[in-house]
Number of protein chains: 2
Amino acid sequence: MTLSRERVVDTAVAVLSRYGLADLSMRRLARELGVQPGALYWHVASKQELLVEVADRLLRQRVAAPQSQDPAAAVRALAVAIRAALLRVPDSADVVALAYAVDPGSVEPLRELSRLLRRLGVAGARLDAATQLLVHHILGSVTAEQNRRQASASDPGPVADAGPGALAAFELGLDVILDGLRPPP
Amino acid sequence: MTLSRERVVDTAVAVLSRYGLADLSMRRLARELGVQPGALYWHVASKQELLVEVADRLLRQRVAAPQSQDPAAAVRALAVAIRAALLRVPDSADVVALAYAVDPGSVEPLRELSRLLRRLGVAGARLDAATQLLVHHILGSVTAEQNRRQASASDPGPVADAGPGALAAFELGLDVILDGLRPPP
DNA sequence: ACCTGAACACCGTTCAAGT
DNA sequence: ACCTGAACACCGTTCAAGT
C-alpha cells in the first residue's frame with residue numbers, strides 16, 4: 001500500500017483517537033505507517049499543516065445538526081452537535097483551536113454558526129463578536145471536560161463521568177449568549 | 001546565587017516573556033540558570049507543576065481592577081484587566097488554560113469573577129455556567145489575538161496590530177453575556 | 001541538602017543518495 | 001516521483017554518585 005497524503009491524515013486521526021495528542025508525533029506516525037519519518041514530509045509540509053487537516057476531518061465527521069425553523073434553536077443544535085463530535089476524540093479541542101488559530105476561515109462549522117446568527121438578526125461587529133464568543137464557549141467547554149476526563153482516568157476517584165453536568169452547564173452558557181443576543185439595542 | 005523554587009519560577013516567567021512558550025524548556029531554563037537540567041527537579045516536581053506556578057504569577061501581576069459600585073461594571077473591568085495583563089506576555093493564555101485545566105480552583109481571578117457574578121444576582125448552576133463562559137471568552141480572546149500577532153510577525157503584512165478591533169469585539173462579547181444574565185427567568 | 005554527570009527514550013525537520 | 005539513511009539540534013525525566 002503506497003503512502004499518500006490521505007493515508008497520512010487518516011492515520012493521524014486514528015492515532016489521535018486511540019492514544020491522544022501526546023502520542024501523535026511524526027515519528028510515531030511513520031512507525032505506524034511502516035515508513036521512515038522523512039517520508040512523511042513528501043506528502044505534508046509540516047506537523048502544523050497536518051494538524052490543520054486533522055481538525056478539518058474531525059469537524060466534518062460530526063453528526064448532521066438537526067434542521068430547525070427557529071434560528072435560535074438551530075444555533076443551539078449546531079453548537080451541541082459540534083461539542084458532542086469533539087468530545088469523542090481526545091484532545092480534539094486543542095487540535096481545532098490550533099487550526100482555528102492558524103487559519104480561522106478554514107474551520108467550516110464556524111462559518112455555519114455565523115450564517116445562523118445572521119438569520120437571528122445579528123449583524124456587523126456584533127456578528128463577529130457573537131461568533132467568536134460561541135466558538136470560545138464550545139472549545140473551552142470541550143477542553144475543560146476532556147482534561148477532567150484524563151485527570152480522573154489516572155485518579156482512583158469515582159468512575160462516573162461529569163458528562164451530564166457539563167452538558168447542562170454548556171447549555172446554560174448557550175442560553176445566556178442567545179438571551180443576550182435577543183434585543184439588538 | 002543559590003538555586004531556589006522562586007528563582008526557577010522567576011526565570012521561567014522571564015524566558016516566557018522574552019522568547020515565548022516554545023523556548024520555555026527545562027533544559028533552556030537550566031542553561032539560563034547556569035545549572036544542570038536535573039537540578040531543577042529538586043525544586044520543582046515537573047514542567048507541568050512549574051507552568052501552573054507561572055500561570056499564577058501572570059495573573060497576580062495584573063493591574064488592580066478599578067473598584068466599582070455597579071457589579072456589572074465591575075465584571076467588565078475585571079475581565080478587561082485580566083485580558084490586558086495576559087496580552088503582555090506571549091502564550092500566556094495557553095499557560096493559564098493549562099493551569100486552569102489541571103486545577104481550576106488554583107486560578108484566583110476566576111473565583112473573583114464568580115464572586116462578582118453572585119453580586120449580580122446570578123446563583124446556582126447558572127453561576128458556574130456563567131463563570132465558565134466568561135473564562136472561556138477571556139482565554140479564547142487572548143489566544144486568538146496572540147496567535148494573530150505572531151502570525152503577522154513573520155508576515156510581510158501591515159505592521160498595525162488588530163488590537164483596537166479585537167478589544168471592541170471582546171467588549172461586545174462581554175455585553176452579550178451581561179445582557180443575557182440580566183433577567184433570571 | 002543540593003547538585004553534577006550521564007544516561008534513557010524520545011522529538012521535528014532536512015537532505016544527499018538511492019530506486 | 002517517492003522513499004531511505006543518517007544526521008542535526010533538540011526534548012522531559014531519572015538517578016547513582018559526589019559535595
Side-chain angles (χ1 to χ4, degrees), chain A residues 1-55 90-91 94-95 97-99 101-103 147 150-151 153-154, chain B residues 1-55 90-91 94-95 97-99 101-103 147 150-151 153-154:
Chain A
M1 206 178 304
T2 56
L3 211 50
S4 71
R5 185 179 171 93
E6 241 207 314
R7 230 159 80 73
V8 172
V9 178
D10 286 350
T11 309
V13 171
V15 170
L16 180 68
S17 301
R18 266 171 250 170
Y19 308 101
L21 189 56
D23 282 26
L24 180 46
S25 68
M26 297 303 273
R27 295 180 108 101
R28 169 69 184 268
L29 213 50
R31 218 181 308 138
E32 211 86 18
L33 285 159
V35 97
Q36 292 297 317
L40 301 177
Y41 289 85
W42 187 264
H43 302 277
V44 128
S46 65
K47 187 180 182 180
Q48 183 173 259
E49 199 214 59
L50 173 60
L51 288 181
V52 168
E53 206 84 337
V54 168
D91 303 318
D94 293 318
V95 176
L98 189 121
V102 171
D103 180 9
N147 286 326
Q150 73 185 65
S154 47
Chain B
M1 205 177 305
T2 55
L3 211 51
S4 71
R5 187 180 170 91
E6 240 207 315
R7 230 158 82 72
V8 172
V9 178
D10 285 349
T11 309
V13 171
V15 170
L16 180 67
S17 301
R18 269 172 247 170
Y19 308 102
L21 190 56
D23 282 26
L24 179 47
S25 67
M26 298 303 272
R27 295 181 107 102
R28 169 69 184 268
L29 212 51
R31 218 180 310 137
E32 211 86 18
L33 286 160
V35 96
Q36 293 296 317
L40 301 177
Y41 289 85
W42 186 263
H43 302 277
V44 128
S46 65
K47 187 180 182 181
Q48 183 172 262
E49 198 214 58
L50 173 60
L51 288 181
V52 169
E53 205 84 338
V54 168
D91 302 318
D94 293 318
V95 176
L98 189 120
V102 170
D103 180 8
N147 287 326
Q150 74 185 65
S154 48

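Hydrogens, waters and symmetry mates are skipped; everything else that's a heavy atom, side chains included, is used. Just so it is clear: chains get the letters A, B, ... in the order the sequence lines come, proteins before strands, and each one is counted from 1. Quick caveat: nothing in here was measured; it's all calculated off a predicted structure.
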Quick tally for nucleotides 6-19 of chain D: nucleotides whose base has a protein heavy atom under 4.0 Å get B, sugar-phosphate-only ones S, the rest -, giving -B---BBBBB----
Between atom OH of A/Y19 and atom CG of A/D91, what is the distance when rounded to the nearest 0.5 Å?
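So the OH of A/Y19 and the CG of A/D91 are separated by 15.0 Å.
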Annotated structure of DNA chain D as dot-bracket, pair cut-off 3.5 Å, Watson-Crick or G-U only, | for inter-strand, is ||.|||||...|||||.||
For D/dC2, does either OP1 or OP2 sit under 4.0 Å from a side-chain N or O belonging to A/W42?
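Checking A/W42 against D/dC2: at least one side-chain N or O falls below 4.0 Å of OP1 or OP2.
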Ignoring backbone atoms, test whether B/H43 places a side-chain nitrogen or oxygen under 4.0 Å from the OP1 or OP2 oxygen of C/dC3.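 Yes, B/H43 has a side-chain N/O under 4.0 Å of OP1/OP2 on C/dC3.
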For residues 34-43 of chain B, the salt bridge (charged side-chain N to carboxylate O under 4.0 Å, His left out) pairs (sequence neighbours left out) are none
In short, B/V95 meets B/L51 closest at the heavy-atom pair CG1-O, 3.5 Å
In numerical order, the residues of residues 10-20 of chain B whose heavy atoms come under 4.0 Å of DNA chain C are none
For a quick test of your reading: what N or O donor-acceptor pairs under 3.5 Å do the side chains of residues 5-16 of chain A make, sequence neighbours left out?
| unit_1 | atom_1 | unit_2 | atom_2 | d |
| --- | --- | --- | --- | --- |
| A/R5 | NH1 | A/H43 | O | 3.1 |
| A/R5 | NH1 | A/E49 | OE1 | 3.1 |
| A/R5 | NH2 | A/E49 | OE1 | 3.3 |
| A/R5 | NH2 | A/E53 | OE2 | 3.4 |
| A/R7 | NE | A/T2 | O | 3.1 |
| A/D10 | OD1 | A/R57 | NE | 3.3 |
| A/D10 | OD1 | A/R57 | NH2 | 2.9 |
| A/T11 | OG1 | A/R7 | O | 2.7 |

Across all chains, not counting sequence neighbours, the side chain to side chain contact (heavy atoms under 4.5 Å, CB included) partners of A/A22 are none
Practice task
Using side chain to side chain contact (heavy atoms under 4.5 Å, CB included) as the criterion, list what pairs up with A/V52, not counting sequence neighbours.
Solution key: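 Partners of A/V52 under the side chain to side chain contact (heavy atoms under 4.5 Å, CB included) test: A/A99, A/V102, A/S106.
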Separation of A/R7 atom CZ from D/dC3 atom C1', in whole Å?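 Answer to the nearest Å: 14 Å.
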* Asked: Is any side-chain heavy atom of B/L40 less than 4.5 Å from a side-chain heavy atom of B/L33?
  ->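 Side chain of B/L40 against side chain of B/L33, heavy atoms only: contact under 4.5 Å found.
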Original post:
Which residue pairs pass the side chain to side chain donor-acceptor pair (under 3.5 Å) test with at least one member in residues 23-35 of chain B, sequence neighbours excluded?
Top reply: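 Matches after skipping sequence neighbours: B/D23-B/R28, B/R28-B/E32.
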